[in-house]
Amino acid sequence: MTSAPAQRPAACVLGTVPGTKFEGQRIGIVDLDSAGQEIGRIDLAEADLPEFVRDREDRAGGDSSGPGGARSRWVLSDTAKWCPPLLAAGVSLERCHDLRLAHAILARSELVTAPEAVRAASEWDAAPADAAAPEQAAALFDLDAGRGFIPQVPHDLVAALAEHVRQTAAIETASDPGRLRLLLAAESAGGLVAAEMRAAGVPWDEAEHDRILTELLGPRPIRDGKPQKMLSKAEDVRAALEDPRVNLDSPNRLLASLRNAGINVASTSKWELQTSEHPAVAPLLEYKKMARLLSANGWHWLDEWVDDGRYRPVYVPGGVVTGRWAASGGGALQIPRQLRPALRADEGWRLVSADVAQLEPRALAAMSGDRAMAEAGFGRDLYSGLVDAGVVATRQEAKIAVLGAMYGSTTGEAGALVPRLRQNFPAAMHLVDSAAEAGRQGGVVSTWLGRTSPPPGEGWQRLQRAANRFDATGADEQRARRAAGDQGRFTRNFVVQGTAAEWALAWLADLRLRLARLPEIEETSEAAAPNGGKDTSPAAASGPVFSRRAHLVFFLHDEVIVHAPTEQAEEAAEAIRAAAASAGRLLFGDAPVDFPLDLSIGERAIKD
DNA sequence: CTCCCAGGCGCG
DNA sequence: AAAGCGCGCCTGGGAG
């Protein structure tokens with residue numbers, strides 16, 4: 001069946017091949033050399049794939065960074081499809097090229113000078129971010145056996161080979177193939193990380209979660225009623241409003257009741273309520289907070305998303321046009337700070353948490369080559385650096401000014417402060433101002449590594465045309481100007497958010513490999529003998545690949561959490577730091593920008 | 001009944 | 001009804 005290739009293949013393309021009725025699904029693997037020429041072809045039963053992959057990855061062995069030591073890059077349709085069964089069988093891929101994720105980038109990138117062939121292969125367009133019409137979305141996705149979406153791209157070998165040829169050609173003729181290769185490698189590694197984090201799960205202390213809910217809301221109600229503390233808080237609000245029957249969960253009715261009580265607000269939103277001194281406001285805000293906690297992360301959520309001491313959200317790499325990840329179940333991107341104490345390491349393990357301070361402005365300083373801005377943030381809090389440099393008076397002002405610059409604020413305090421940044425950091429501000437101007441004109445912009453923004457839609461174009469007609473009304477012009485401004489703020493932010501996302505992906509990718517090189521720990525004593533060798537330790541819930549080694553469990557834009565055996569926690573922390581330094585060099589070379597981390601090791605993942 | 005939208009709020 | 005970007009999720013309530 002399998003024969004060792006004469007030379008180590010540079011790439012192995014993986015895909016399904018037709019088998020006979022009785023064989024079940026078969027898998028084909030085509031080995032390619034570095035020139036893309038076929039040097040071997042193998043065909044095996046689906047059930048034999050994990051062993052085959054393990055054998056290949058093991059045989060390459062050792063340090064893969066040295067010459068001749070590189071493991072092959074697996075080329076596959078979609079990490080979300082191929083990885084889960086491999087991980088369940090105890091096998092992970094070191095490197096891959098995810099054709100679906102790569103397609104989404106290449107079909108749009110400004111760096112690609114000959115995009116026609118890739119763009120024409122529309123069967124590869126089913127990325128979540130590109131699901132054009134909502135009515136088609138249901139048909140574009142399969143709800144897999146577990147949870148989460150497997151986009152409907154072709155998974156067969158013939159289609160994978162053809163798409164790989166198209167992508168390779170597009171990359172080779174790109175204006176800067178190196179950057180694009182870096183981006184695609186990072187994006188694909190992100191696909192692997194997402195699949196692996198889902199397999200491992202976040203260690204979650206269900207008892208602590210329940211304790212937090214009970215403390216804040218009262219004991220869990222039988223059936224679907226509201227907990228007692230919430231009911232009594234609601235009574236306080238109704239009493240203060242002198243409206244004993246009002247339904248606080250209905251914004252319309254609540255608004256009417258508030259106005260009857262003489263509270264002059266236009267909506268029931270928090271920021272507006274805060275302006276009122278009325279005695280109903282304080283308990284109402286508390287009630288809203290309780291209601292939010294109950295509906296978003298209450299007992300129902302716990303039942304649905306946490307199992308066996310593991311929280312397994314569905315990540316969607318590349319799900320945001322800027323390159324950030326999205327989530328499609330479980331709310332991985334919105335775990336409230338209130339519940340942070342529920343993230344808890346297994347017995348004998350630690351959580352190593354790290355986040356980057358002010359990632360986006362640092363990415364901006366690096367990509368624009370703004371030495372003054374880089375200097376302001378070097379080795380310290382960037383906002384305090386702005387105060388020290390005399391750009392603004394307080395840290396709070398610095399934050400408002402910097403966010404305002406990246407988001408395109410023109411009014412209020414931010415609007416007043418941004419001109420000072422323009423004066424002090426001309427290179428950085430020129431970069432974002434140019435991006436905004438391109439967007440206002442209807443153009444596209446690209447991140448540092450070449451991810452390109454989507455052009456404005458047909459509706460936007462129509463508004464602009466309407467405003468340019470001879471009979472355009474003032475309202476037409478106002479609408480068009482507003483839409484142009486919106487698009488400008490989008491492209492302004494795109495280059496910064498997208499480049500920050502690239503740094504974060506490079507960080508993740510490098511960290512993942514460093515952690516995978518750590519040795520497996522010895523079996524813990526309880527897990528060793530009694531059960532005939534079967535692993536019964538809590539860490540077994542992380543699955544065969546991760547139960548004995550530090551591994552990533554959480555990622556959120558500029559933050560990672562690693563679950564590590566206690567004796568490996570320091571090494572894991574060092575890996576996180578080394579990966580951050582490495583990501584900075586990989587993207588920005590010797591630019592004088594650093595990406596300092598706030599890092600902590602503990603039983604729980606507590607952020608202040 | 002289902003579908004869709006807006007309001008509101010959690011995260012970066 | 002935030003000013004000022006990017007998301008996902010839950011709820012109520014109207015449309016079909």
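Predicted model only: the values in this text are computed from it and were never measured. Just so we're on the same page: letters track the sequence lines, and every chain starts at 1.
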Take R489(A) and A266(A), find for each the nucleotide of DNA chain C with the closest heavy atom, and name the residue whose nucleotide sits nearer the 5' end.
A266(A)
Name the residue closer to the 5' end of DNA chain C, choosing between E272(A) and S409(A) according to the nucleotide with the nearest heavy atom.
E272(A)
Heavy atoms, side chains only, cut-off 4.5 Å: are L431(A) and F425(A) in contact?
no
Contact check, side chains of L386(A) and R395(A), non-hydrogen atoms, under 4.5 Å
no
Whole angstrom is fine here: how far is it from [atom1] in [X] over to [atom2] in [N]?
| X | N | atom1 | atom2 | answer |
| --- | --- | --- | --- | --- |
| W503(A) | dG12(B) | CH2 | C1' | 14 Å |
| N297(A) | dC11(B) | CG | P | 10 Å |
| Q497(A) | dG4(C) | CD | P | 17 Å |
| K399(A) | dA3(C) | NZ | C1' | 16 Å |
| L255(A) | dG7(B) | CG | C1' | 11 Å |
| E360(A) | dG4(C) | CD | C1' | 12 Å |
| R340(A) | dC11(B) | CZ | P | 9 Å |
| F554(A) | dC11(B) | CZ | P | 11 Å |

Looking only at heavy atoms, the pair that brings A500(A) and E360(A) closest together is CB-CG, 3.7 Å
Both atom distances under 3.5 Å, Watson-Crick or G-U wobble: I'd like the secondary structure of DNA chain C as a dot-bracket string, with | for pairs made across strands.
....||||||||||||
Non-neighbouring partners of [X] that pass ring-ring contact (aromatic ring centres under 6.0 Å, His included), sequence neighbours left out:
| X | result |
| --- | --- |
| F554(A) | none |
| H209(A) | W204(A), W301(A) |
| F494(A) | F490(A) |

Sorted by chain and number, sequence neighbours left out, salt bridge (Lys or Arg N to Asp or Glu O under 4.0 Å) with R292(A) holds for none
Taking only side-chain nitrogens and oxygens of S269(A), does any of them come within less than 4.0 Å of OP1 or OP2 of dG7(B)?
no
According to a strict under-4.0 Å criterion, is K270(A) in side-chain N/O contact with OP1 or OP2 of dG8(B)?
no
Could you check whether W305(A) and Y311(A) have their ring centres less than 6.0 Å apart?
no
For the ring pair W448(A) and F588(A), is the centre-to-centre distance below 6.0 Å?
yes
Between dA3(C) and dC4(B), how far apart are the two C1' atoms, rounded to whole Å?
29 Å
Using the P atom as the point on both nucleotides, what is the distance between dC3(B) and dG4(C), in whole Å?
37 Å
So I335(A), base contact, sugar-phosphate only, or nothing? Heavy-atom distance under 4.0 Å.
sugar-phosphate
Remember a base hit wins even if backbone is also touched, and classify G404(A) as base, sugar-phosphate or nothing at under 4.0 Å, heavy atoms.
nothing
Side chain of R324(A), base of dG12(B): donor and acceptor closer than 3.5 Å?
yes
Between the side chains of E187(A) and R451(A), is the shortest nitrogen-to-carboxylate-oxygen separation below 4.0 Å, so that they form an ion pair?
yes
For a quick check, with a 4.0 angstrom heavy-atom cut-off, what is the B/S/- contact string for nucleotides 7-16 of chain C, read 5' to 3'?
SBSSSSS---
